[in-house]
Structures are given as C-alpha cells and as structure tokens.
**Student:** 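Here it is, the structure, as structure tokens.
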Amino acid sequence: KRAGRRGKYALQILVVRAQDLPRLDKASRDKNMIGLADPYVKLVLGESKARTKTVKGTLYPTYDETFTFYFDDDVQGRRPQVLHISVWDYDWGKKDD
C-alpha cells in the first residue's frame, strides 16, 4: 500500500503482528465476557497516513501488511520527519481506544 505522494526516497514498513494487547473494552471487566479487542495499526509520517486492516476479536493480531511512504530531501529549516506508529482498538459507533 502507498502512503503520500511520490518522492525521491521511499521508506517501506512491514507490520507483522502485535501481542499481549491490553483489554480496553468495558466487557473485559465482566467475568462472563471475554473482552477481546478489534485492533488496527496507524502509521503517520509527516502528512502521510496509513492504517492496517482491523483484526476482530483478538489480543494477538497478525497483519503482514507492507506500507511505503515517499518523501524528498529535508528542506532546510523544517523539522525532521518522525514515523509515529500506534495500535488502536476499533469500537463500532464509538470513539476508538
């Protein structure tokens, strides 16, 4: 998958899996509920954004997704670009955790 416009350089990221994710849903506090997550991964590099598919009902998701971010040389006076990676829990009809 591609993120951002074409540039002189490319950064390729492979998101393989996550493990031991915390139980964030309220259901995890109920002994009768499993409290599993529906995790996905967000990647942000400068103004370019990408995300993995959502893997439903697990604390050990496997993604095996590759993302390519394109960028040019740093412009003098501009901050260096930082890759931000975060894991989110999809919550239908509510704000994601």
**Student:** Is any side-chain heavy atom of Pro61 less than 4.5 Å from a side-chain heavy atom of Leu21?
**Tutor:** yes
**Student:** Listed by chain and number, what are the side chain to side chain contact (heavy atoms under 4.5 Å, CB included) partners of Glu47, not counting sequence neighbours?
**Tutor:** none
**Student:** CH2/Trp88 to OG1/Thr54 distance, rounded to the nearest 0.5 angstrom?
**Tutor:** 12.5 Å
**Student:** Thr58 and Pro39: which non-hydrogen atoms are nearest, and at how many Å?
**Tutor:** O-CD, 3.5 Å
**Student:** Could you measure the distance from the CG atom of Asp91 to the CG atom of Asp38? Nearest 0.5 Å is fine.
**Tutor:** 7.0 Å
**Student:** What residues, two or more places apart in sequence or in another chain, satisfy side chain to side chain contact (heavy atoms under 4.5 Å, CB included) together with Val41?
**Tutor:** Val15, Leu43, Thr52, Tyr63, Ile85, Val87
**Student:** Within this structure, what is the NZ-CZ distance for the pair Lys49 and Phe67, rounded to the nearest 0.5 Å?
**Tutor:** 14.5 Å
**Student:** Report the distance from atom CG of Leu36 to atom NZ of Lys56, rounding to the nearest 0.5 Å.
**Tutor:** 12.5 Å
**Student:** Out of curiosity, does Leu11 fall in the hydrophobic cluster containing Tyr9 (side-chain heavy atoms, cut-off under 4.5 Å, transitive links)?
**Tutor:** yes
**Student:** Do Ile13 and Val44 share a hydrophobic cluster (ILVMFWY, side-chain heavy atoms under 4.5 Å, transitive)?
**Tutor:** no
**Student:** Got a sec, which residues hit side chain to side chain contact (heavy atoms under 4.5 Å, CB included) with Asp64, two or more places apart in sequence or on another chain?
**Tutor:** Val16, Thr62
**Student:** Quick one: closest heavy-atom pair of Glu65 and Arg51, and the distance?
**Tutor:** OE1-O, 4.4 Å
**Student:** How long is the gap from CG on Asp89 to OH on Tyr40, to the nearest 0.5 Å?
**Tutor:** 8.5 Å
